[in-house]
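Have a look at the structure below before the remarks.
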Amino acid sequence: MAYARNRTLRLASAMLLISVGITAVGTVARQQAVPVKPPASSNAATNADFAAAADEVLGQMSDITGLKLISPLKKSLRTREQIRAYVIKEMDEDKDADERYAGERSAEAFGLLPKGFDLDTLMIDLLTEQIAGLYDPKAHEFYVADWIPIDDQKMVMAHELTHALEDQHFHIENWSKAARPNDDAELAREAVLEGSAMAAMVDYLMAGTGRSLQDLPDINPAMLLGDMENTPTLAKAPPFLKDALIFPYLDGLTFSAAVLKGAGWSTLPGVFTRPPVSTQQILHPELYRAAKPAPVVTLPAMDKTIGPGWKKLEDNIMGEFGWREVLKQFLGEAKATPVSTGWDGDRYQVYEQKPVGEPKGSDQKGGRQNDAAQRAGTAKRGKLLLIARLRLSDEEKGRQFFETYTLALDKKHTKRSDEVKQRDFYSFTAADGGVFLRCVARDCVTLEGGDRTLFAALTKELGWGPQTQTAQALEPHLSHAGN
């Protein structure tokens, strides 16, 4: 899905978060009655200055994390144009145009992105606006912007050089991608990478004070945001996208702080050996410590039932973070969080109706030409079909989800007709087709964009019996938007 960020998004938001969060972290240290040396000003970087500063910070990060430098690290200065060209290239290589399109449309199907939202363009704008330096795990090279004074870059260095050390020990590119195709598990691994680098950055800031992250009271990661949401590009980004960019850093930092508590950085290799299996374990470190196994939830194969006129875009996992975002989008965080904590596994599938005239057996890739057409708004986007199954921790959580998601669906589809609702079933007709929600015990399944026949076939494949015939049409005044 769109929130399963590729490495390029991680690089862009890293620079953004670090640039606005340094002052906040410094405030924490000062509140601990320890002086913090302010950043010095200098002229634009030179290669010699950069190499010396990077080596100095690299040595400090090695001392902090206990990760020794195994082989010399390549370092270089890059112009703004070089960095921008690199990150766009990485965006294309990490996930091709069709994969990125599928992610955008899946987020759209859940109501997390507006219809026709151009995620690629926004990310390119964000990179252009914020990128200041990065570590490339493919080339095993670290480089920073040549237009920013070196002393102002040292916090970025502390973060990115932590990645460089982790890469030499744990091969972070392959380690992160080993979670694929599970988007939720991959996001959890991203949170380990970014959270540990954030923790190391905090320790770097406090070096020489006699204190570290472990000495601080329970840190509130939100204070690291500063004016992040007011930056020009993020100011116009959908709320979900902001949360997806921030999650690996802030929730990752909370997770890292919890894991490092007590034994400190000596516990880090164990996290790479046994990584968290879901965003739930990032949000609830006690579940990681308890080694809760990854839940497995399946959906039946529906391709033949749906028919050849549809193309499957995605078949993946939302996770607790994803479902929290869906509920938060329509109902706010206060209602979303208590329900999403009951997550015990899920699976979703998104289909797109093929354009008229495309051969029904066709499943051709659009490639760069189609990607360009989508960015220009000229590619015709087909109707979407969303199927999702969510398992909750117990039947009470299942009932809570049913009631809460019913409200979310009402907010999502403001124009409704033919509403039918009973204790464990809700359906109505929306602009893009039928919407159905049914819960049995602690399992809930929803379908949007289909019809009653397809939903009946889905529940039959799940082994659920026919729904009870106690549903009645809702009163007319409840069948419209705005309530």
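Considering only residues two or more places apart in sequence or on other chains, T404 meets the side-chain contact (heavy atoms from CB on, under 4.5 Å) condition with L327, L331, V339. Checked against side-chain contact (heavy atoms from CB on, under 4.5 Å), K383 has the following partners two or more places apart in sequence or in another chain: W310, Q353. Scanning for salt bridge (charged side-chain N to carboxylate O under 4.0 Å, His left out) contacts around E448 gives K412, with sequence neighbours left out. Taking the side-chain contact (heavy atoms from CB on, under 4.5 Å) definition, one finds that T459 meets it with R438, V445, F455, W464, sequence neighbours left out. Applying the salt bridge (charged side-chain N to carboxylate O under 4.0 Å, His left out) criterion to D432, with sequence neighbours excluded, gives K115.
Between Y143 and Y86, the angle of the ring planes goes over 60°, which puts this pair in the perpendicular group of the 30/60° scheme. Relative orientation of the F401 and W323 rings is perpendicular, given thresholds of 30° and 60° on the angle between their planes. Y348 and F110 have perpendicular rings, their planes meeting at more than 60° on a 0 to 90° scale where under 30° would count as parallel. Ring pair H159/H163 is perpendicular by interplanar angle, where above 60° counts as perpendicular and below 30° as parallel.
For the residue pair E320 / T279, no side-chain donor-acceptor distance below 3.5 Å is found, with atom types taken as modelled.
In this structure, M123 and L245 approach most closely via the heavy-atom pair CE-CD2, 4.3 Å.
We find that E396 and R442 are not joined by a salt bridge, their nearest charged nitrogen and carboxylate oxygen being 4.0 Å or further apart. The pair R381-E104 meets the salt-bridge criterion, since a charged nitrogen lies less than 4.0 angstrom from a carboxylate oxygen.
Within the 3.5 Å criterion, the main-chain N or O of D315 finds a donor-acceptor partner in the side chain of R347. A donor-acceptor distance shorter than 3.5 angstrom exists from the side chain of Q82 to the backbone of T79, with no hydrogens or angles considered.
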Run the side-chain donor-acceptor check on residues 288-297: report pairs under 3.5 Å with partners two or more places apart or on a different chain.
from: Y288; atom 1: OH; to: R274; atom 2: O; distance (Å): 2.7
from: K292; atom 1: NZ; to: Q280; atom 2: OE1; distance (Å): 2.9
from: K292; atom 1: NZ; to: D344; atom 2: OD1; distance (Å): 3.2

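For Y426 and F428, the ring centers are positioned less than 6.0 Å apart.
The closest side-chain heavy-atom distance from L313 to Y351 is not below 4.5 Å. The shortest distance between side-chain heavy atoms of K138 and E90 falls below 4.5 Å.
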Steps toward salt bridge (charged side-chain N to carboxylate O under 4.0 Å, His left out) verdict (K177, E173): CA-CA 6 Å; K177 289 184 176 180; E173 179 84 357; 3.2 Å; yes
